[in-house]
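All residue numbers in this chain count up from 1 along the given sequence.
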Amino acid sequence: MATTQPSATRGDPGKADPRPGAVPVVDVAGASPVRHPLRWLAVLVLAVLGAQLVHFLVANPHFEWGTVGAYFGAQVIGQGIATTVELTAVAMLIGIVGGVLVAVGRMSDNRVLSTVCGAYVWFFRGIPVLVQLVFWYNLSALLPRVSFGVPFGPEFISGQTNSLITPWLAAILGLGLNEAAYMAEIVRGGLLGVDHGQTEAAAALGMGRARVLRRVVLPQAMRFIVPPTGSQVINMLKATSLVSVLALADLLYTVQSIYNRTFETIPLLIVACLWYLVMTSVLYVGQSFIERYYARGASRQAPQRFWDFALFRRRPDVTSPAPEDGPLTKDGSPAKDGPLPKDGPLSKEDT
């Protein structure tokens, strides 16, 4: 026997409907928005602190903004920036390639290879980067002479360590090998994030393990690998300032060499800070574009763009819109038109 769906009562709001299952009616005509006095208090406090900061930056003569503007576009500063960018690019290239190889080695079924790769990650992640840089720079105290050839056999190339390990090479070895250890864990986490069924399906089609990794697993793992890799690039750009202890003319060392002569320490450090902010902002923009490219169709929420972050905007929600209010069919989907369906077998019109 067909039954009708209970409907909301249209009586007085304060009276309950005696029928079982009835939806109570709530009168929202006199509702007022919720007030948030603590939010306005927080905005007021931040406005006062911001005004004090602006006054401090403008009224303090020790900033010497004229000197900052004079050195901001200097040619010697540009040479230091070029060295910083080159160090970042080469070290990240070594880190990414080495990280992929170490990650694959850690996931290998070969116990020896997996143990060696795990020991590599443990060793380089456990020692500070500055210590590694100083160690590579002073390698000649441990190995006065370096040679390459057949183990326990003839030597093909040999030379003095002081001539081979220059400040540039010491910086590349210290930054690149350390970065490879961190990238290995990032890549391994991305590979483990891919469903194992993808590998089994590719193997069922007759694809080899190397081809499965290259054509199936890595493309799907990129959406897990790219965001932390972008953060690692930004961290590497800032970590290049550590090579100043090796007397390598990066941005920080160039600034230090200038204020050691002119004693204008604060203005030159402000120049370095501004250029680091410019370079990291450019990298952030590139990272946001790459994230959005690899997140197409794979995320319910779009990655945050740079201007959304800079202007404090919320992330755009790309979820499917909610269905319009109306009657639902028996399977829960919205009905096209007409009243609610009745219980029992469907008629030809309903089908």
statement: With sequence neighbours left out, the residues meeting side chain to side chain contact (heavy atoms under 4.5 Å, CB included) with Leu46 are none
- prompt: Trp40 side chain to Arg35 main-chain N or O, any donor-acceptor pair under 3.5 Å?
  reply: no
statement: side chain to side chain donor-acceptor pair (under 3.5 Å) filter on Asn162, not counting sequence neighbours, yields Ser140
message: Please check if the number of heavy atoms outside His55 that lie under 6.0 Å from its NE2 is greater than 12.
response: no
message: Are there over 12 heavy-atom neighbours, none belonging to Arg211, within less than 6.0 Å of that residue's CZ?
response: no
query: Under 4.5 Å between side-chain heavy atoms, hopping through other hydrophobics if needed: is there a path connecting Leu57 to Leu49?
result: no
message: When you compare the side chain of Tyr137 with that of Val134, does any pair of heavy atoms fall below 4.5 Å?
response: no
query: Heavy-atom distance under 4.5 Å between the side chains of Thr240 and Thr83, does that happen here?
result: no
task: Taking ring-ring contact (aromatic ring centres under 6.0 Å, His included) as the test, write out the residues that go with Tyr71, two or more places apart.
output: none
field: Results of side chain to side chain contact (heavy atoms under 4.5 Å, CB included) for Asn60 - residues two or more places apart only
entry: Phe56, His62, Phe63
task: Find out whether Asn235 and Tyr182 are in side-chain contact, i.e. whether some heavy atom of one side chain is under 4.5 Å from a heavy atom of the other.
output: no
Could you pull out all donor-acceptor pairs under 3.5 Å where a side-chain atom in residues 124-132 meets a protein atom, sequence neighbours excluded?
residue: Gln132; atom: NE2; partner: Phe124; partner atom: O; Å: 3.2
residue: Gln132; atom: NE2; partner: Ile127; partner atom: O; Å: 2.9
residue: Gln132; atom: NE2; partner: Asn178; partner atom: OD1; Å: 3.1

query: Would you call Met107 and Leu192 a side-chain contact if the rule is heavy atoms closer than 4.5 Å?
result: yes
message: Using every non-hydrogen atom in the two residues, find where Ala170 and Leu133 come nearest and quote the distance to one decimal.
response: O-CD2, 3.8 Å
- line: Note: Ala184 and Val121 closest approach over all heavy atoms is CB-CG2, 4.1 Å
message: Quick check against the 3.5 Å criterion: does Ser108 have a side-chain atom that pairs as donor or acceptor with the backbone of Leu113?
response: no
- prompt: Could you state the interatomic distance from CD (Gln287) to CD1 (Ile290), rounded to the nearest 0.5 Å?
  reply: 8.0 Å
message: Working to the nearest 0.5 angstrom, can you tell me the gap between Met207 CE and Leu213 CG?
response: 10.0 Å
message: Please give the remaining members of the hydrophobic cluster of Val58, linking ILVMFWY side chains under 4.5 Å, ordered by chain and number.
response: Val54
message: What I'd like to find out is whether the side chain of Trp168 reaches to under 4.5 Å of the side chain of Val243, using heavy atoms alone.
response: no
Beyond-backbone contact of Asn110 with Thr115, side-chain heavy atoms, under 4.5 angstrom: no
- prompt: What closest approach, in Å, do Trp275 and Ile81 show between heavy atoms, and which atom pair accounts for it?
  reply: CD2-CD1, 3.2 Å
- prompt: With sequence neighbours left out, which residue pairs that include part of residues 247-256 fulfil the side chain to side chain donor-acceptor pair (under 3.5 Å) condition?
  reply: none
Partners meeting side chain to side chain contact (heavy atoms under 4.5 Å, CB included) with Leu169 (sequence neighbours left out): Ile165, Thr166, Leu173
query: Does CZ belonging to Phe289 count more than 12 external heavy atoms closer than 6.0 Å?
result: no
message: Could you check whether any side-chain heavy atom of Thr67 comes within less than 4.5 Å of a side-chain heavy atom of Thr262, counting everything from C-beta outward?
response: no
task: Heavy atoms only: give me the nearest Met236-Leu175 pair and the separation to one decimal.
output: CE-O, 3.7 Å
Would you list the atom pairs, donor with acceptor, under 3.5 Å between side chains in residues 226-234 and any protein atom, with sequence neighbours excluded?
residue: Thr229; atom: OG1; partner: Ile225; partner atom: O; Å: 2.6
residue: Ser231; atom: OG; partner: Pro227; partner atom: O; Å: 3.4
residue: Gln232; atom: NE2; partner: Glu179; partner atom: OE1; Å: 3.3
residue: Gln232; atom: NE2; partner: Glu179; partner atom: OE2; Å: 2.8

message: I'd like to check Met279 versus Thr88 (side-chain heavy atoms, cut-off strictly below 4.5 Å). Are they in contact?
response: no
statement: Applying ring-ring contact (aromatic ring centres under 6.0 Å, His included) to Phe135 and not counting sequence neighbours gives none
message: The criterion is ring-ring contact (aromatic ring centres under 6.0 Å, His included); which residues satisfy it with Trp122, sequence neighbours excluded?
response: none
For residues 193-206, run the donor-acceptor check on the side chains, cut-off 3.5 Å, and write out each pair with its distance to 0.1 Å, sequence neighbours left out.
residue: Asp195; atom: OD1; partner: Gly197; partner atom: N; Å: 3.4
residue: His196; atom: NE2; partner: Glu200; partner atom: OE2; Å: 3.4
residue: Gln198; atom: OE1; partner: Gln220; partner atom: NE2; Å: 3.2

Exercise: identify the closest heavy-atom pair between Cys117 and Arg106: CB-CG, 3.5 Å
- prompt: Which atom pair, heavy atoms only, marks the closest approach of Leu246 to Pro167?
  reply: O-CB, 3.6 Å
